[in-house]
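Down below is the structure, laid out as structure tokens.
Residue numbers start from 1 in every chain, and the chains themselves are labelled A, B, ... in the order their sequence lines are given, proteins ahead of strands.
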Protein chains: 2
Amino acid sequence: MKADFSNFINSIYPLPYQILDDVLLHFQYKEYPKNYYLLKQGRPCKYLWVLVKGAARYTFSDETGKESNVWFSFDNDIVADAPSFVSQKPSTESIQLLEDSELYAIENSHLYHLLQQHHSFSLWYIKLIEKYYITQIEDRVTDLQFLTAKQRYEKLLIQFPNIGNRINLGHIASYLNITQETLSRIRSGKL
Amino acid sequence: MKADFSNFINSIYPLPYQILDDVLLHFQYKEYPKNYYLLKQGRPCKYLWVLVKGAARYTFSDETGKESNVWFSFDNDIVADAPSFVSQKPSTESIQLLEDSELYAIENSHLYHLLQQHHSFSLWYIKLIEKYYITQIEDRVTDLQFLTAKQRYEKLLIQFPNIGNRINLGHIASYLNITQETLSRIRSGKL
DNA sequence: GAATTTTTTTGAGCTAAATCAAAAAATGAT
DNA sequence: ATCATTTTTTGATTTAGCTCAAAAAAATTC
């Protein structure tokens, strides 16, 4: 368990072992049940989580109360509302677990303290952002802008082949920015 | 000129003066005319630019040849195809200047070398990403997902009140992910 | 400043996907 | 197994924004 987690940390960018030890001290192991909210829209995102096992959705509700999923995370991914985490301003999205999950959490102030202390940890954090943020989010924008609903669905299936077993249609449709009815029609080949 | 630029660098995250000097040595001043391509889709994004004065658009062309603007940058902004810059893989977008522009460019390899050399420069780079990337791109996703064409236009006008004077309707429409005709109708109050 | 090119607007249908409503299927609880 | 709840599918209608086509306005060039 703990060994798996330190491997995960080291796989992002290898840290000298004394520094790795110091970093690990600041991560807290947590287990939460399905449906638990890691973060509620409007509150600052105080933690950065490593989702070791489980599933989470990021949701956004507008003034009219319409709620949509903007992102999913599964096993071995990073979880946080990045803009809120880095600024400690109120988050614009909620993060809810969709399965019983195991996570490691680091507090914002601890992370920024470690960045100041260890040059290698700064380099680690840069790699983290590059790998788990920059490469992923840009795709999201171009997908929304260029792909049809059907193409977005097909791409999602390539990214997460078994997503249908873990997450219900309504959540997937909302992520694809289409209605559940439309997704149902796409799947049955009527669109 | 040079003083303005070092102020810009320092405004992101203040650097010790010896390190600032070293950093400045690696930025090259460039002037390019309107319509010049800083980057062409398919080539790795070798540089990170600071756009001191001017305007640029990021464009994406799909297989069918349909081209759309995915982003704009104006005076005192950072310019790069981030996913390509950090990975040095082929870019998925082109970057073209829309006005005669003044820029400072740093090569990818030089930047990564400086990150390894100077802890404070790593902290600077983290702030850069936070300020010029994380806070901006997330908004783009939620805008595309939640706002109507009209709302996206109104929001753009708040962000860049004088964009109409610098950039033509076709480019703006393409950024909003609507046709020029639809934008024209929105502006004349018919939608 | 007249001519050419580029940009913006207007008009008339068309279409992908939304909404509203309800049935069918699957899942979970007693 | 039976009942209740949640999830998924199907059907009918509506709509925001598209396409195609052409006119009008503005900006450039000679």
Go through the structure and list residues passing ring pair (Phe, Tyr, Trp, His ring centres under 6.0 Å) with F74(A), not counting sequence neighbours.
->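 Partners of F74(A) under the ring pair (Phe, Tyr, Trp, His ring centres under 6.0 Å) test: F160(A).
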Taking [atom1] from [X] and [atom2] from [N], how many angstroms apart are they, rounded to a whole number?
| X | N | atom1 | atom2 | result |
| --- | --- | --- | --- | --- |
| Y153(A) | dA17(C) | OH | P | 15 Å |
| N165(B) | dA26(D) | CG | P | 14 Å |
| Q151(A) | dA16(C) | CD | P | 13 Å |
| I186(B) | dT10(C) | CD1 | P | 14 Å |
| L144(A) | dA17(C) | CG | P | 13 Å |

Under-3.5 Å N/O pairs linking protein and nucleotides 25-30 of chain C:
none

Please enumerate all residues that pass side chain to side chain contact (heavy atoms under 4.5 Å, CB included) together with [X], with sequence neighbours excluded.
| X | result |
| --- | --- |
| N165(A) | N162(A) |
| P33(B) | Y36(B), D100(B) |
| T148(B) | K150(B), Q151(B) |

Residue pairs meeting ring-ring contact (aromatic ring centres under 6.0 Å, His included), one or both in residues 165-191 of chain A, sequence neighbours left out, come to F72(A)-Y175(A)
Can you check whether N69(B)'s main-chain N or O pairs, donor with acceptor, with S174(B)'s side chain at less than 3.5 Å?
-> yes
Listed pairs under 3.5 Å, donor-acceptor, residues 12-24 of chain A side chains, sequence neighbours left out:
| from | atom 1 | to | atom 2 | distance (Å) |
| --- | --- | --- | --- | --- |
| D22(A) | OD2 | H118(A) | NE2 | 2.8 |

With sequence neighbours excluded, give me every side chain to side chain donor-acceptor pair (under 3.5 Å) pair touching [range].
| range | value |
| --- | --- |
| residues 177-191 of chain B | T179(B)-T182(B) |
| residues 121-137 of chain A | S122(A)-H119(B), K127(A)-E130(A), E130(A)-Y112(B), Y133(A)-E138(B) |
| residues 78-90 of chain A | Q88(A)-N108(A) |

Salt bridge or not for D77(B) and K53(B), using N-O below 4.0 Å?
->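 A salt bridge is absent here (no side-chain N lies under 4.0 Å from a carboxylate O).
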Terminal axes of the helix from dG1(C)-dC30(D) to dT30(C)-dA1(D) (5 end pairs apiece), angle rounded to 10 degrees, sit apart by 50°
Please state whether the phosphate of dA18(C), meaning OP1 or OP2, lies under 4.0 angstrom from any side-chain nitrogen or oxygen of T179(A).
-> yes
Considering only nitrogen or oxygen atoms on both sides, find all protein atoms under 3.5 Å from nucleotides 6-12 of chain D and state each distance.
| from | atom 1 | to | atom 2 | distance (Å) |
| --- | --- | --- | --- | --- |
| dT7(D) | OP1 | N168(A) | ND2 | 3.3 |
| dT8(D) | OP1 | L169(A) | N | 3.4 |
| dT8(D) | OP2 | L169(A) | N | 2.6 |
| dT9(D) | OP1 | R187(A) | NH2 | 3.3 |
| dT9(D) | OP2 | S184(A) | OG | 3.0 |
| dT9(D) | O5' | S184(A) | OG | 3.1 |
| dT10(D) | OP1 | K190(A) | NZ | 3.4 |
| dT10(D) | OP2 | K190(A) | NZ | 2.3 |
| dT10(D) | O5' | K190(A) | NZ | 3.2 |
| dG11(D) | N7 | R185(A) | NH1 | 2.9 |
| dG11(D) | O6 | R185(A) | NH2 | 3.2 |

